[in-house]
Structures are given as structure tokens and as C-alpha cells.
Peer 1: 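The structure's right below; bear with me while I get my questions together.
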Amino acid sequence: MSNRLEPTLAAKQQSTLQKILTSVVNEVGMEAVLVAIMTHDGGPLVEQVSRGFSPREVRAILRALSMEDLKSVAVRNGGGGELESVLRVRMVTPGSKVALVLPLKFGGRVYGTLVLARRENSALTKREKTTLSTNVSHISTELKKAGLFGSSLILSKPFVGNEPVSLAVEEGHATVARTYSTAEVQERIGSILTEDVDGGLSFDRGWVSIYDPLAATLEVLGVFGTQKRDVTPGQLLSLDDSASGWSVRHRKPRCDNNLASTQGRFHDYKQLYRDRFASTIVVPFYVRGRVAGTVTLASKTPNNFDQTGSDSKSLDAITTKLVELFEDPSCHLSVMDVAPVQPEKPVLKGQVIVAPPEGGDVRKEERRAALHEVSSFLATEIREPIGFIRAQLEEITTDADLDFDSQTRVESAMRDMIRIETVLNEILDFAKPLELDRKMCRVQDLLDKAFSLVSTDIRVNRIEVIKKVPARLAQVRWDEVKMQHVFLCIFKNAIEAMSPGGHLRVEVMLTRARKPELQIIIANDGVPIPAEFVDKVFEPYFTTKRSGTGLGLATVKKVVEEHQGQISIASEPDKGTTVTILMPAPRPRTPYRPRRPV
């Protein structure tokens with residue numbers, strides 16, 4: 001019996017440790033913070049909570065630190081409570097950052113470290129030293145109150161490996177999109193939601209979602225008391241159109257006691273409104289200092305939840321168990337710290353971390369893994385703060401407390417923030433695995449829809465469009481949205497290269513080769529592409545424009561190849577540019593022949 005209770009106790013201790021460290025990290029006013037703890041005496045430092053550091057930087061910093069350095073700094077600081085000395089580790093990063101390392105000490109022994117990121121030449125002020133000294137002391141005091149010293153988490157005598165296990169990935173392969181909702185997870189979440197909540201908080205319907213920062217979506221994991229038409233496990237919720245997404249972007253609970261005013265805005269509230277629910281509350285919960293997901297509860301009782309936020313504290317029992325669930329390696333719910341491949345070890349020279357030079361050609365799989373790691377960093381460390389800033393600007397403009405000049409400036413800043421988000425999303429979408437939603441569609445309709453989106457530019461520039469599409473062309477099984485984007489991107493590039501009065505020709509035909517193919521030719525008589533650039537136009541991030549990410553044609557090529565097609569481009573002086581797309585030939589329609597009665 002005691003053996004069964006041990007994992008539960010360890011999970012509760014881990015959850016308590018995460019809460020204490022997360023609260024301290026949130027209070028430290030630095031751009032990047034890391035807290036690492038030694039699980040056993042003399043053992044390696046294990047990352048517990050981090051914010052602002054990429055996974056690669058965290059691993060490099062922890063490898064660079066030694067117990068001798070931490071002990072020497074602890075001795076220089078002494079026991080007077082003043083921060084006299086810190087260890088500086090220079091990181092080879094674009095921002096020329098320096099990691100300031102502060103040892104955590106209890107009972108005369110160093111058990112961990114608090115790491116902060118600063119600019120290389122900036123020194124700590126006296127006020128900052130006092131604040132950091134207070135934070136370091138606060139960590140030790142709270143851990144002592146929780147009785148965590150001597151446990152399996154901190155300075156245990158026998159070695160017990162409790163490092164959070166991330167989702168295992170085959171070496172050399174990037175992660176692919178998958179569903180996190182499984183039968184086991186749904187059952188465990190259902191049991192968590194049905195248990196009593198502190199404070200007597202009651203509800204009639206509820207669900208839990210997991211936040212995927214790379215995909216910028218929330219997936220419903222488990223539900224309680226839902227109907228057939230309500231949210232279901234596996235359903236995806238967007239950040240902009242759901243109350244759960246609002247809570248993630250603002251990083252705070254949301255309470256609504258009048259669903260009539262929000263049911264048109266939030267998709268996850270629509271069915272609740274139809275079923276005559278009166279009040280809802282959405283609370284985000286955190287794992288290792290980052291938003292991991294949300295808990296949504298709904299009640300048919302008016303004003304059932306407190307607007308001041310006291311009810312969100314009543315959900316601590318639920319969120320604590322959800323953190324334990326997320327930390328359980330068997331559930332594979334950790335979407336924040338997936339390491340595609342084992343990174344190369346940096347070379348340590350004194351107190352300077354130097355990245356090793358790359359030798360030889362990088363394999364394709366390693367490039368994919370590196371792209372995934374960069375994308376994960378962009379999603380968690382750049383897109384999330386940008387989304388949070390935009391959410392705050394939206395609240396300011398909605399309150400209408402500003403004068404006209406201030407309101408205009410805030411709205412201008414918000415437009416720039418949205419533009420940055422758009423570019424960032426384009427980069428992240430290119431890095432994600434492409435998933436096709438194939439449906440039967442007509443090539444003529446896709447071309448017409450793409451032309452309608454650039455009709456104004458065509459009319460203003462007096463461009464003549466010549467289309468030749470077979471009238472009895474069979475339907476194709478394509479992803480309608482993505483292929484429409486392919487045509488739209490090619491049309492836009494053609495219009496930008498053409499002078500007023502130019503000609504744009506689109507021709508669709510079935511080739512009569514040994515393997516029949518659908519050939520789509522898009523030609524324009526505009527300025528040709530320089531010969532030295534023709535072979536580079538499909539490469540990611542290559543562009544000759546002042547503004548642009550260089551992912552337009554790279555994405556076009558990716559979509560066409562996912563449809564088992566090919567795309568090529570030719571450009572000559574005085575002839576313009578021709579884009580040729582070869583796709584698998586559509587299957588001809590077979591006439592319906594009724595069976596003859598026997």
C-alpha cells in the first residue's frame with residue numbers, strides 16, 4: 001500500500017516546488033530567469049522553472065556551471081543577507097547577453113541556482129541587488145516551510161531521478177502534429193473535474209484544454225457534463241476566437257456572468273448560450289513557469305462565479321492535480337520543452353561559453369530538428385509576449401479612457417503589433433508539418449476565387465487576363481484553401497512584376513504523356529527574374545523585396561509537393577516569367593449505370 005502512495009507524494013511535492021519557484025520567477029523583473037535545483041547532494045543541476053531562455057541556452061548554461069564556482073560565490077556573499085558577488089557567464093547570442101548566476105544556499109550547502117539574463121555591460125544597481133537577495137532568501141524560506149529539503153526533489157541522499165521527462169522523439173526527426181487527447185487522459189481529467197472543489201464551488205459543465213505554443217491553439221483534453229454538440233475531446237480552439245484563448249493571451253482568469261454579451265465572440269461559449277447557461281469562469285494553469293492550459297467551468301446559476309477572482313483560487317485543487325497530470329511522463333502532455341535531437345556540447349573556456357564550429361554538411365533531418373527548435377523558441381519566447389502585449393493594448397482601447405491623441409497612438413501601436421504577429425505566424429506556419437484537408441473541388445473555382453482577391457490590382461493596373469480552362473475538366477481532390485493560396489501568391493508576384501497594360505495568361509490542360517498529368521501554366525510579360533535568382537526563388541527566406549519574409553514561393557512549393565505535384569519557373573528577357581505546375585491528373589467521372597434486374 002505504501003508503494004502506491006509514494007508516486008502521489010512525489011507528484012504533490014513536485015507541484016509545490018513548481019508553485020514556489022514560479023511565483024518567485026514572476027516577481028523577478030528580468031527579461032530572462034532560470035531556477036535549477038540539485039536533486040541529490042553533489043548531483044547535476046536540473047531545470048525547474050525558466051522564462052526567457054531558449055532550451056538550448058538553458059542546457060548550455062547548466063553544463064557550464066560547476067559546484068566549485070557556486071560555492072566560491074556563496075562564500076563571498078557570506079550570511080549577512082547582502083548580495084556582494086555574482087558569477088557572470090557570457091553567452092554567444094545575438095543580444096550579447098550575460099547570465100548572472102546566484103547560488104541558492106540552505107544549511108551551509110548550495111542546493112541550486114537562480115540565473116538571470118542581462119546585457120553584457122549593464123551592472124546591477126543597489127536596489128536590484130537588495131531585491132535579488134530578498135528573492136533568494138524567499139526561495140529557501142518557502143522550500144523549508146514546505147518540507148522539501150531532504151526529499152527526493154532537493155538534496156536527497158540516494159540518487160532519485162525526478163527530472164521532468166519531455167516527450168520522447170526519435171533522434172534526427174522533428175516532431176509532428178498529433179492529438180494529445182487520449183482515452184486515459186480523458187478519464188483522468190473527468191475524475192479530476194468531478195471531485196469536490198475547495199470553497200464549495202459548483203458547476204454543471206466543464207472541460208480542460210492544453211495550450212500548444214507552436215500551433216497557437218488549444219486542444220480540449222477532457223470534458224464533464226457536455227452534450228453531443230458541445231466541445232469534445234480533441235477539438236481545437238483558437239487563441240482569438242475562444243474564451244480559453246483569451247485567458248491564455250491575457251494570462252489571467254476570465255469570469256462571465258452574462259453569456260448573451262459574449263456568445264457571438266467566443267466559439268466555446270456558443271453551445272453554452274444555447275443550453276441556457278448563465279455564468280462561466282476560465283482559469284489558466286502553469287507548468288514550469290509557462291501557461292500549460294486552461295480550466296473552463298460553466299453553471300446555469302446566474303452570478304455563480306466571483307468577478308473579483310476569489311473563485312479562481314478555489315480551483316487550486318483542480319489545477320494542482322492537472323499539473324501533476326502534465327508532469328506524468330506516461331501521459332505525454334509536455335508540449336513546451338520537446339528536444340528534437342541532442343544538441344552539440346559547447347566548449348567551456350574559463351567562464352565563457354563558446355559554441356563549437358559546425359563541420360561538414362548538415363543533414364536534412366538535423367536541419368528540420370533545428371528549425372523545429374527555433375520555431376519553438378519563437379512561439380514561446382516571442383509570440384506569447386507579443387500576444388500578451390496586444391491583449392493589453394486591446395483592453396486599453398476598449399476602456400475608452402484615453403483622449404483622441406493617445407487613443408490614435410495606441411491603435412497605431414496595436415496595428416504594428418498585429419503586423420509583427422502576421423509575419424511571425426507566417427514563419428511558424430512554414431516550420432510546422434503541413435496537414436492537408438483534401439476535398440473535391442473544381443480548378444476553375446479556385447482560380448476564380450484567387451482572381452477575385454486581386455481584382456482591384458488588376459483593374460487599377462489595366463492588366464488583361466487570358467484564361468483557357470477546359471469546360472469539362474473533372475474535379476480534383478485538393479486542399480481547397482491551400483491551393484487557392486498557391487494561385488493567389490503566384491498572381492500577386494506576377495502583378496508586382498508587370499507594368500500597367502500587361503498581360504497575364506492562365507492555361508490549364510491535361511497532358512497526354514505516358515503518365516497523364518494536369519498542367520497549369522501561369523505566364524506574365526512583366527520584368528523577368530534575373531538569371532542568377534531563378535534557382536533561388538523557392539528557397540526559404542530568399543527575397544529581393546524590401547519588405548517580406550521570403551516564404552511566399554517556398555510555401556507554394558511545399559504545398560504543391562505535398563499534393564504530389566511539381567512546380568518550376570522560367571524567366572527570359574522580352575518574354576516575362578512562366579510558372580508551370582504539374583499535378584496528378586484528376587480521375588474521370590464514371591457515368592452511373594443502374595443494375596439490370598436479374
Peer 1: Show your working on salt bridge (charged side-chain N to carboxylate O under 4.0 Å, His left out) between R459 and D457 and close with a plain yes or no.
Peer 2: CA-CA 5 Å; R459 184 174 61 256; D457 295 331; over 6 Å; no
Peer 1: Determine whether I466 and L504 make a side-chain contact, defined as any pair of heavy atoms from C-beta on separated by less than 4.5 Å.
Peer 2: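 When only atoms from C-beta onward are counted, L504 and I466 do not touch, as no gap falls below 4.5 Å.
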Peer 1: To the nearest 0.5 angstrom, please state how far the CD atom of Q564 sits from the CG atom of L436.
Peer 2: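 The CG atom of L436 is 8.0 Å from CD of Q564, to the nearest 0.5 Å.
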Peer 1: Assess, by modelled atom type and distance only, whether the side chains of T294 and S209 contain a donor and an acceptor separated by less than 3.5 Å.
Peer 2: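 Side-chain D/A pair, T294 to S209: present.
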Peer 1: Would you sort out whether Q18 and Q48 count as a side-chain hydrogen bond (donor to acceptor under 3.5 Å, both in side chains), showing the intermediate values?
Peer 2: CA-CA 7 Å; Q18 296 294 325; Q48 296 293 339; 3.0 Å; yes
Peer 1: Give a yes or no answer on whether the side chain of D479 reaches the backbone of D437 with a donor-acceptor pair at less than 3.5 Å.
Peer 2: yes
Peer 1: Salt bridge or not for K467 and D448, using N-O below 4.0 Å?
Peer 2: yes
Peer 1: For a side-chain contact (heavy atoms from CB on, under 4.5 Å) check, start with the C-alpha distance between I522 and T578, then their side-chain angles and the critical distance, and finish with the verdict.
Peer 2: CA-CA 6 Å; I522 305 173; T578 301; over 6 Å; no
Peer 1: Could you tell me whether the side chain of Q186 reaches within less than 4.5 Å of the side chain of L221, counting heavy atoms only?
Peer 2: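 Sidechains of Q186 and L221: no contact.
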Peer 1: State, to 0.1 Å, how close S455 and S452 come at their nearest heavy-atom pair, and which atoms those are.
Peer 2: OG-O, 3.0 Å
Peer 1: With a 4.5 Å limit on heavy-atom distance, are the side chains of V220 and S181 in contact?
Peer 2: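 No; the side chains remain at least 4.5 Å from each other.
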Peer 1: Among side-chain atoms of E219 and Q235, is any donor-acceptor pair under 3.5 angstrom?
Peer 2: no
Peer 1: Where does the angle between the aromatic ring planes of Y269 and F266 fall among parallel (under 30°), tilted (30 to 60°) and perpendicular (over 60°)?
Peer 2: perpendicular
Peer 1: Contact between Y211 and T217 at the side-chain level, heavy atoms closer than 4.5 Å - yes or no?
Peer 2: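 A side-chain contact is absent here, since even the closest heavy-atom pair is not under 4.5 Å.
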Peer 1: Looking at CZ of F451 and CD of Q484, how far apart are the two atoms once the value is rounded to the nearest 0.5 Å?
Peer 2: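 Answer for the CZ-CD pair, F451 versus Q484, is 12.0 Å.
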Peer 1: Kindly say whether R409 contributes a backbone atom to a donor-acceptor pair with the side chain of S412 at under 3.5 angstrom?
Peer 2: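 Answer holds: no.
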Peer 1: Begin with the C-alpha distance, continue with both residues' side-chain angles, and end with the deciding distance and a verdict on side-chain contact (heavy atoms from CB on, under 4.5 Å) for I567 and E561.
Peer 2: CA-CA 8 Å; I567 185 171; E561 290 180 347; 5.7 Å; no
Peer 1: With a 4.5 Å heavy-atom cut-off, do I521 and V506 have their side chains touching?
Peer 2: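 Sidechains of V506 and I521: no contact.
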Peer 1: To the closest 0.5 Å, what do you measure between CZ (R438) and CZ (R477)?
Peer 2: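 Answer rounded to 0.5 Å: 8.0 Å.
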Peer 1: Charged N to carboxylate O below 4.0 Å: is that the case for K558 and E562?
Peer 2: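 Salt bridge: no.
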Peer 1: Do you know which two heavy atoms are closest between S247 and P253, and how far apart they sit?
Peer 2: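 Here S247 and P253 meet closest at OG-CA, 4.2 Å.
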Peer 1: Looking at R505 and E507, is any side-chain nitrogen of the basic one under 4.0 Å from a carboxylate oxygen of the acidic one?
Peer 2: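 Yes, charged N to carboxylate O under 4.0 Å.
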Peer 1: For a quick test of reading the model, state the closest non-hydrogen atom pair linking P573 to P528 and the distance between them.
Peer 2: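 So the two residues come closest at CA-CG, 3.9 Å.
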Peer 1: Closest approach of K252 and W246, non-hydrogen atoms and distance?
Peer 2: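 Minimum heavy-atom separation between K252 and W246: CE-CH2, 3.6 Å.
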Peer 1: OG of S571 to CZ of F533: how many Å apart, nearest 0.5 Å?
Peer 2: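 Output value for this atom pair is 12.0 Å.
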Peer 1: Is a side-chain donor-acceptor pair under 3.5 Å present for E47 with S50?
Peer 2: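 Note: S50 and E47 side chains meet the donor-acceptor criterion.
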Peer 1: Do other residues, nucleotides or ligands put more than 12 heavy atoms under 6.0 Å from the NZ atom of K557?
Peer 2: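 Incorrect, the count does not exceed 12.
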Peer 1: Counting C-beta onward and ignoring hydrogens, is there a side-chain heavy-atom pair between T280 and L272 closer than 4.5 Å?
Peer 2: yes
Peer 1: Using distance only, find each side-chain donor-acceptor pair of residues 485-494 under 3.5 Å and give its atom names and separation, not counting sequence neighbours.
Peer 2:
| unit_1 | atom_1 | unit_2 | atom_2 | d |
| --- | --- | --- | --- | --- |
| N493 | OD1 | K545 | NZ | 3.1 |
| N493 | ND2 | C489 | O | 3.1 |

Peer 1: Output yes when D256 and R254 qualify as a salt bridge under the 4.0 Å nitrogen-oxygen rule, no when they do not.
Peer 2: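 Yes, charged N to carboxylate O under 4.0 Å.
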Peer 1: Would T296 and S244 count as a side-chain contact (heavy atoms from CB on, under 4.5 Å) if you check the C-alpha gap in whole Å, the side-chain angles of each, and the deciding distance to 0.1 Å?
Peer 2: CA-CA 7 Å; T296 302; S244 297; 3.4 Å; yes
Peer 1: Examine the side chains of Q519 and T580 and answer whether a donor and an acceptor come within less than 3.5 Å of each other.
Peer 2: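 No, because no side-chain N or O of Q519 sits under 3.5 Å from a partner of the opposite role on T580.
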Peer 1: Could you tell me the separation between the CG atom of L236 and the CG atom of L218, rounded to the nearest 0.5 Å?
Peer 2: 9.0 Å
Peer 1: Is it true that K270 and D268 have a side-chain N and a carboxylate O under 4.0 angstrom from each other?
Peer 2: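 Looking at D268 together with K270, the answer is no, because their closest N to O distance does not fall below 4.0 Å.
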Peer 1: Does a side chain donor of either D241 or H267 reach within less than 3.5 Å of an acceptor in the other side chain?
Peer 2: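 No, H267 and D241 have no side-chain donor paired with an acceptor closer than 3.5 Å.
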Peer 1: For H563 and M583: C-alpha separation, side-chain torsions, deciding distance, then whether side-chain contact (heavy atoms from CB on, under 4.5 Å) applies.
Peer 2: CA-CA 7 Å; H563 283 84; M583 302 290 285; 3.3 Å; yes
Peer 1: To the nearest 0.5 angstrom, please state how far the CG atom of D445 sits from the CD atom of Q475.
Peer 2: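 Answer for the CG-CD pair, D445 versus Q475, is 8.5 Å.
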Peer 1: Does a side-chain heavy-atom distance below 4.5 Å link W478 with L446?
Peer 2: yes
Peer 1: Side chains of L518 and V443: does their closest heavy-atom pair fall under 4.5 Å?
Peer 2: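 A side-chain contact under 4.5 Å exists here.
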